[in-house]
2 protein chains.
Amino acid sequence: MSVTLKQLAASLGLSPTTVSRALNGFPEVNAETRKRVQDAAERAQYRPNTRAKSLATGRSMAIAHVIPVSTSHEIVNPVFADFIAGAGESYSRAGYEMLLRVTSDAEEAQTYRDLIARGAVDGFMVQAPKISDPRVDLLSEMGVPFVIHGRTSDIARPYSWLDINNQRSFRRATRFLIDLGHRRIALINGLEHLDFAARRRRGYLEGLESAGIGPDPDLMRQAEMTEPYGYRSLTEMMRLRSPPTAFLSSSMIVAYGLRRGLTDLGLRMGRDVSVITHDDDLSYLPNDGDVPVFTATRSSVREAGRRAAQMLLQLVKDPQCGPLTELMETALTVGASTGPAP
Amino acid sequence: MSVTLKQLAASLGLSPTTVSRALNGFPEVNAETRKRVQDAAERAQYRPNTRAKSLATGRSMAIAHVIPVSTSHEIVNPVFADFIAGAGESYSRAGYEMLLRVTSDAEEAQTYRDLIARGAVDGFMVQAPKISDPRVDLLSEMGVPFVIHGRTSDIARPYSWLDINNQRSFRRATRFLIDLGHRRIALINGLEHLDFAARRRRGYLEGLESAGIGPDPDLMRQAEMTEPYGYRSLTEMMRLRSPPTAFLSSSMIVAYGLRRGLTDLGLRMGRDVSVITHDDDLSYLPNDGDVPVFTATRSSVREAGRRAAQMLLQLVKDPQCGPLTELMETALTVGASTGPAP
DNA sequence: TCGTCAATTCAATACGGTTTGAAGATCATG
DNA sequence: CATGATCTTCAAACCGTATTGAATTGACGA
């Protein structure tokens, strides 16, 4: 169906060796011959067979994202898609393929081993790390390049990661609210067995502590980040004897729920109650304009995908280039959802 | 690093041929020998090299999803992720890999050609088809198996697709509102150069027409489906001299915006103004409970992914099995967001 | 005992590239 | 002109699997 190297060589009266070298930029090829080969390749729409190439070179030119689907926690969320898209851009640019492998929770470790044993990929991108995530040990022991989007805790072994500064970000947001006079600040967090959520909680607690405010368990929640979760959290907390005057939310969607709760109670966001949310800068959850609707800690998850992929490719090229790490700071963009404590 | 067939054969004192046949279930292998080989393969954690295998068989055991990233329209939306996840489940189960290839709008056609010419994949899943989508002709002429998630119009050539009955769904939703006494019904649609949106519009118009209601351009909008878009549409339309009493929304997120607009105006959804939305049944945009918040035309996009992938795999196995098509009906689930016209 | 046949196994080749080591052509040098 | 060095090209081997066609073995019937 497609032209092969051999056919191309035959049509030129050359050996496959020479054609291969001509196309791959080896120096020992006559300039005129190279030109001739390149032109012919162009005309014939020649494309080297990926499989054959990787068999010969031993590099598969592919990166896998392993996606466990479980009943307990849904990894297929809005952030997931944008991260993938960002990473995909980097892979494409570098001539790498992206393999998405959906697997069950129970088979996850075996899936990683399989992909390597079959020579299907050169490295892994690890998403949604938990606190003390076992994948770090697993992949380290396999000796395969990998990058974690996020971090994990309580792990002695060094590893490569790209994360946003969740702790600092939420500490700062908390301080921001405190500086506005708020003392009763609620945290509407994601599931805290996930590392990012645990760090946000820590930042929140630090912020409170730095102002001498003791944490109140009634003002801290964790759950899957949905709109109804935000709504429920808000309405329930506003019924407390001493309700919060400000909320810290882990996602735009949760913030939508918070806002709805407020309106239902006849309260105005930014005046009666303040809200700060984390904003992953997703195109279909916009929060821009002259004055953004929400005051937010913003960081593009798509950009994170791009960069994490670049790190991984670098690691694949030179596994010795040591654990690479990158900590992205978030931007605290002030919008209309915050104001002085009433 | 990993065991090869040759090594396994040597360790057993057998030829690679026999080992290969033993593992692949050929009948001409002695039962005892087969057992011995299988045990050894198990013990050595033998996994056939994907690349070598597909080079030898000519089948790459991979399906590609090509994702164009453009400035004009964002394909990386919530629906996209869940569809991918569903399809991935089917691929995994069948031993196929899923390749995600991010490409620019301009290079899209070339990307399809490339992947085939390089022997990287056996077929394509096509997402987010436009009206009269050029990819049908492109892929048909390439003679490669593909399935479209959705449909496209004005194309004579038959092709394989899996779609939900958008037209019927929106006609029914419109009729539902009309039966409740509504006459001024607004359509807050997605971008109508996308086929699904065009069909929804058609269904909406049919519904109106069947009741003798003429369409009103002031009550029809299309745009990227975001929350602010829903909000803006609602507030603007409610300012019309004769505002709508009901809204038809193309996505949960848009419906969130509609609801917010209503509350801001002091109107109650389901009493003062009715809302029906399409619901793709995404886990992080839940709309369930005894009485769902929104009356919705519901259809799991994840399930669509599963089925579309199965269709594609069938098509890959037997390209002659003709264009396969599947039209999934949506479920009209009645929630709290609709009521008799005031 | 010999030929036939079925049951097993194997050597050789193919898939489409890359890479190694050697060979042929060209050139300058003494 | 012989020698060696430099360019340029090529035949052959290799990557890890599947498959074709032939070889080996043992059982069976004549």
Side-chain angles (χ1 to χ4, degrees), chain A residues 1-38 40-41 44-62 95 97 114-122, chain B residues 1-38 40-41 44-62 95 97 114-122:
Chain A
M1 47 175 191
S2 329
V3 197
T4 70
L5 184 70
K6 214 172 291 183
Q7 294 168 345
L8 187 62
S11 80
L12 283 164
L14 287 170
S15 76
T17 308
T18 305
V19 175
S20 172
R21 314 210 99 154
L23 293 175
N24 290 321
F26 282 64
E28 66 264 46
V29 178
N30 185 301
E32 187 191 351
T33 308
R34 163 164 297 138
K35 183 84 175 64
R36 212 157 60 88
V37 171
Q38 284 171 336
Q45 292 260 47
Y46 169 73
R47 295 282 180 281
N49 182 299
T50 314
R51 310 289 160 158
K53 186 162 188 161
S54 76
L55 183 55
T57 59
R59 327 187 60 216
S60 63
M61 301 298 283
E97 300 295 345
D114 244 50
L115 285 169
I116 288 301
R118 306 187 111 97
V121 297
D122 295 326
Chain B
M1 49 175 188
S2 328
V3 197
T4 72
L5 184 70
K6 214 173 294 183
Q7 293 169 343
L8 188 62
S11 80
L12 283 164
L14 288 171
S15 75
T17 308
T18 306
V19 174
S20 173
R21 317 210 96 155
L23 293 175
N24 289 322
F26 282 64
E28 66 265 48
V29 178
N30 185 303
E32 187 190 352
T33 308
R34 163 165 295 137
K35 183 83 174 64
R36 210 158 60 89
V37 171
Q38 284 171 336
Q45 292 261 48
Y46 170 72
R47 297 281 181 282
N49 182 299
T50 316
R51 311 288 161 156
K53 187 163 188 161
S54 74
L55 183 56
T57 58
R59 326 185 62 215
S60 64
M61 300 298 282
E97 300 295 346
D114 244 49
L115 285 169
I116 288 301
R118 306 188 110 97
V121 298
D122 295 328

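The chains referred to below are lettered A, B, ... by the order of the sequence lines, with proteins before strands, and numbering in each begins at 1.
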Supply the atom-to-atom distance B:Lys6 NZ to B:Ser15 OG, rounded to the nearest 0.5 angstrom. 12.0 Å
Would you give the length of the straight line joining atom OG1 of B:Thr50 to atom CD of B:Glu97, rounded to the nearest 0.5 angstrom? 6.5 Å
Proximity to DNA chain C (any heavy atom under 4.0 Å), residues of residues 22-35 of chain A only: A:Asn24, A:Phe26
Separation of D:dA18 atom C1' from B:Arg51 atom CZ, nearest Å, is 18 Å
Compute the angle between the rotation axes at the two ends of the helix from C:dT1-D:dA30 to C:dG30-D:dC1, each taken over five pairs, rounded to 10 degrees. 70°
A:Pro16 versus A:Ala9, closest heavy-atom pair with distance: N-CB, 3.7 Å
Determine, for nucleotides 10-15 of chain C in 5'-to-3' order, which nucleotides have protein heavy atoms under 4.0 Å from the base (write B), from only the sugar-phosphate (write S), or from neither (write -). BBB--B
Does C:dG16 have OP1 or OP2 under 4.0 Å away from a side-chain N or O of A:Lys53? no
Using OP1 and OP2 only, check whether a side-chain N or O of A:Ser20 sits under 4.0 Å from C:dT18. yes
Nearest 0.5 angstrom please: B:Lys53 NZ to B:Ser20 OG, how far? 8.0 Å
So CG of A:Asp114 and CD of B:Gln45: to nearest 0.5 Å the spacing works out to 8.5 Å
Do B:Thr4 and B:Asn49 make a side-chain contact, defined as non-hydrogen atoms from C-beta onward lying under 4.5 Å apart? no
Can you tell me how far P of D:dT9 sits from CG of A:Leu5, to the nearest Å? 15 Å
Does any N or O in the side chain of A:Arg51 come within less than 3.5 Å of the main-chain N or O of B:Ala52, such that one atom is a donor and the other an acceptor? no
Identify whether any heavy atom of A:Arg47 sits under 4.0 Å from a base atom; if not, whether one sits that close to sugar-phosphate; answer base, sugar-phosphate or nothing. sugar-phosphate
Taking 4.0 Å as the cut-off, does a side-chain nitrogen or oxygen of A:Tyr46 come that near to OP1 or OP2 on C:dG16? no
Counting distance only, does the side-chain N/O of A:Asn24 pair as donor-acceptor with the main-chain N or O of A:Phe26 below 3.5 Å? no
Rounding to a whole Å, what distance do you find between A:Leu8:CG and C:dT18:P? 12 Å
In Å and rounded to the nearest 0.5 Å, what is the CD to OG1 distance from A:Glu28 to A:Thr18? 9.0 Å
Could you grab the distance from atom CG of B:Leu14 to atom CZ of B:Arg21, nearest 0.5 Å is fine? 13.5 Å
Rounded to whole angstroms, how far apart are CE on A:Met61 and C1' on C:dG17? 14 Å
Side-chain contact, heavy-atom cut-off 4.5 Å: A:Arg47 with A:Ser2? no
